[in-house]
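Within every chain, numbering begins at 1; the chains are lettered A, B, ... in the order of the sequence lines, protein sequences first and strands thereafter. No hydrogens, no waters, no symmetry mates; every other heavy atom, side chains included, goes into these values.
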Amino acid sequence: MINEILNKIKITIANILSEQGVKETSEVFFDIPKDPAFGDYSTNIAMRLAKILKKAPIVIANDIINKIDLTSHHLTKAEVAGGGFINFYIDKKYLSNVIFKILEEKEKFGNLTLGNHEKVLLEFVSANPTGYLHIGHGRGAAYGDSMARIMKKAGFDVTTEHYVNDAGNQIHNLIESIFARYKELYGKEFQLDDNSYHGKEIISIAQKIKTEKGEYYLTNPYYEYFRSVGLSYLLAGLKKDLQEFNVVFDDWFSEKSLYDNGEVEKVLARLKESGHTYVFEGATWLKTTAYTDEKDRVIIKSDGSLTYLAPDIAYHINKLNRGYTLLIDVLGADHHGYINRLKSAIYLYGGNPDAINIDILQMVRALKDGEELKMSKRSGKAITLRDLIDEVGSDALRFLYISKSLSTHMDLDLDLAIKNSNENPVYYVQYAYARINSLFRVFSENNQEFVPVKEFKVLDINETYNLVKVLLQYPAYIEEVATKRLPHKICQYALMLAGELHSYYNDHKIITENNEETNERLTLLKAVQTVLKDSLSLIGVGIKEKM
RNA sequence: GUCCUGGUAGCUCAGCUGGAUAGAGCAACGGCCUUCUAAGCCGUCGGUCGAAGGUUCGAAUCCUUUCCAGGACACCA
């Protein structure tokens, strides 16, 4: 709606400019001015063309606005201000139609075709199944899951995937740790070292095996059985934690399957055949410097075992072979050095390295009483996601995580987060939703039936305008967030809409004797409520019917 | 030493493909409930945008140098 107007203005300006001999080198951009006194939208095109046209910006700007027909562009005013800004004032009555559009489209309002059904694989968390999720995984989970929801809304075909490292060394250590605990339960001698896992969940697994199978594995091959029981136990734990955080993955992809299917072997063979490897000091190296890496990387160690890189190449090739053209990996800052390595390897294999996008999230610190909280009572190590969900709740936690951009070194103040008050911004938004809900409740308790109107007849358009303006921006926010992957802007949007709602609520009595006016106001609020709910759902935060 | 992130109000953070007087929330202070939820609204206070140069009509935003903080520089994953 707003886009149609802006595009039309854009084309008109481009036509005016081309009459003046300007080639299509500089596109017209619109900004929403900070100060409403500068109109609804403004453009700086005249200033940017001053040099090319060798004319003062104000002259150019005036030339433009004199040639724009206001009514056919749904404008009420176009003026030149400042050093040559052109400010546009759009017909408020026309814009208020967005309300009716929202009521018609409901949660589909803001859906875009931008993604054009491109197949996207969004991989995140990918925690080792050897313990609890920690505070950093929480950030990745919140980000990845939110981006999946937002990109779907923007028209991408998104699949979310959790990679399971079930083939490497740490799984071996896990199995041996369980076995040690198993022996311990029978009073046998057992050994745990620095590589072992000491969490109490390992004891639970051993106990489970003891209960179900008794002492059988003290004297029989235990390895494969312990692997499968241990993995499924720990994976179930991960899934449960994530579910409580409102994160459900489409796929859990097994690293081991890449070995079982021979995909790792195939990748190694092809890299060797194509001459991208060489042997040095007994190890096989991959010439990743042929692309952007700063040094070559070992792919087969001198003892014959593989480095992590080998299955990871196979994994990413597998993703590409499944038809995904956009791969997004969400990784912690400690994996930064890995980006070039992986992309270079994919390039050597013949895949498209530009299809791989790695979003790096900076570290999260938990603060309590102004000091960094390092220890978790639960795991004895890092603060776990469960600790946080227990303390602050999933909704508040997701909002806190998402409201900061990924590159921010984040401080999570638990004291603030726990407070069930206006200090936690999620409640501000949920409260806005609940307030509207309560209006509809009161209305229906008075035995009145809400009939959404199709047109505003008695309501002052100016009264609705601040809300309408924010509602109109929703699709533009979706577009920006989906393409630049900045989900924190969804939080900003939700806060902005909630803020306008609270102001409106305070300024106007909604339910009055005047039935017509009441219905029109409720129609407006229904639209606000719809978008509030949808924007929260995009970041995995629920609504509250009542607070 | 090299590379990646940050450094913006007392605190947590937006703004960064250059644009009009630098924003929000919290904290502090002052108002607003005989009216649909005060978890709210309205207002005040608060800034040499780490520092120094440069680019130009214009720089928090771009470039260079530099200082702080976090992270990475494996035949670990």
Side-chain angles (χ1 to χ4, degrees), chain A residues 29 31 33-35 37-38 42-44 47-48 50-51 56-57 81-85 87 126 128 130 165 167-170 195 255 280-285 294-295 297-309 311-312 332-341 360-363 365 367 370 400 403-413 416-417 419-432 434-443 445-446 484 486 488-489 491-492 495-496 498-499 501-512 518 521-522 544 546-547:
Chain A
F29 292 109
D31 281 316
K34 280 173 277 188
D35 189 336
F38 295 132
S42 72
T43 180
N44 62 356
M47 295 149 105
R48 288 171 36 224
K51 225 175 238 174
F85 286 100
N87 299 334
S126 294
N128 285 335
T130 51
N165 299 108
N169 244 332
Q170 72 275 30
N195 289 325
E255 178 188 4
F280 177 68
E281 290 181 344
T284 303
W285 296 68
E294 58 203 6
K295 57 173 286 200
R297 305 293 171 172
V298 170
I299 192 161
I300 306 174
K301 299 183 225 170
S302 50
D303 67 2
S305 64
L306 302 178
T307 63
Y308 182 76
L309 188 57
D312 220 30
D334 53 340
H335 285 71
H336 171 262
Y338 193 67
I339 300 175
N340 263 334
R341 204 179 307 180
I360 293 294
L361 57 97
Q362 293 298 325
M363 297 299 164
R365 292 193 306 169
L367 301 180
L400 281 173
S403 60
K404 277 109 187 157
S405 78
L406 257 209
S407 58
T408 298
H409 299 239
M410 181 176 170
D411 283 341
L412 201 71
D413 189 327
L416 276 188
K419 284 188 189 170
N420 219 19
S421 70
N422 48 12
E423 288 154 56
N424 200 323
V426 74
Y427 297 106
Y428 184 80
V429 182
Q430 289 179 325
Y431 184 48
R435 265 186 149 175
I436 298 175
N437 219 37
S438 125
L439 289 171
F440 281 99
R441 204 165 42 235
V442 169
F443 192 65
E445 276 164 10
N446 294 347
K484 297 184 184 168
L486 304 172
H488 67 275
K489 281 177 185 280
C491 289
Q492 288 175 13
L495 286 169
M496 181 166 65
L501 181 276
H502 287 307
S503 291
Y504 186 80
Y505 183 94
N506 224 262
D507 287 347
H508 304 282
K509 182 148 171 60
I510 312 297
I511 300 170
T512 62
T518 300
R521 287 208 170 110
L522 286 175
K544 289 194 166 79
K546 206 171 176 178
M547 284 176 79

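Residue contacts shown for A:Lys509 include a base, since a base heavy atom lies under 4.0 Å away.
Note: A:Tyr338 and A:Tyr308 have tilted aromatic rings, judged against thresholds of 30 and 60 degrees for the angle between ring planes.
For the atom pair A:Ile510 CD1 and A:Leu439 CG, the distance stands at 6.0 Å (nearest 0.5 Å).
Between the side chain of A:Ser42 and the base of B:rA20, a donor-acceptor pair under 3.5 Å is found. For A:Asp334 against B:rA77, a side-chain-to-base donor-acceptor contact under 3.5 Å is absent.
Comparing the same atom, C1', in B:rC49 and in B:rU61 gives a spacing of 10 Å after rounding to whole Å. Taking atom C1' on both B:rA52 and B:rA20, the two are 28 Å apart, rounded to the nearest angstrom. B:rG1 and B:rU65: their P atoms are spaced 14 Å apart (whole Å). On the P atoms, B:rA39 is 14 Å away from B:rA27, given to the nearest whole Å. On the P atoms, B:rG50 is 15 Å away from B:rA22, given to the nearest whole Å. If you take atom C1' in B:rU17 and the same atom in B:rC67, they sit 28 Å apart, rounded to whole Å.
Contact check, A:Lys34 against B:rA20: a side-chain N or O comes under 4.0 Å of OP1 or OP2. For the pair A:Lys301 and B:rA77, the criterion of a side-chain N or O lying under 4.0 Å from OP1 or OP2 is met. OP1 or OP2 of B:rA38 lies within a sub-4.0 Å distance of a side-chain N or O belonging to A:Arg435. Taking side-chain N and O atoms only, A:Thr512 has no distance below 4.0 Å to OP1 or OP2 of B:rC36. Put simply, A:Tyr427 has no side-chain N or O that comes within less than 4.0 Å of OP1 or OP2 on B:rA38.
Atom CG of A:Asn424 and atom P of B:rC13 are 14 Å apart (whole Å). Atom P of nucleotide B:rC73 and atom NE2 of A:His335 are separated by 9 Å, given to the nearest angstrom. In this structure, A:Tyr338 places its OH atom 16 Å from P of B:rA72, rounding to the nearest Å.
Here the side chain of A:Thr307 is nearest to one of B:rC41, B:rG19, B:rC76, namely B:rC76.
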Determine, stepwise, if the pair A:Arg435 / A:His502 fulfils side-chain hydrogen bond (donor to acceptor under 3.5 Å, both in side chains).
CA-CA 9 Å; A:Arg435 265 186 149 175; A:His502 287 307; 3.0 Å; yes

For a quick check, with a 4.0 angstrom heavy-atom cut-off, what is the B/S/- contact string for nucleotides 1-9 of chain B, read 5' to 3'?
--SSBS---

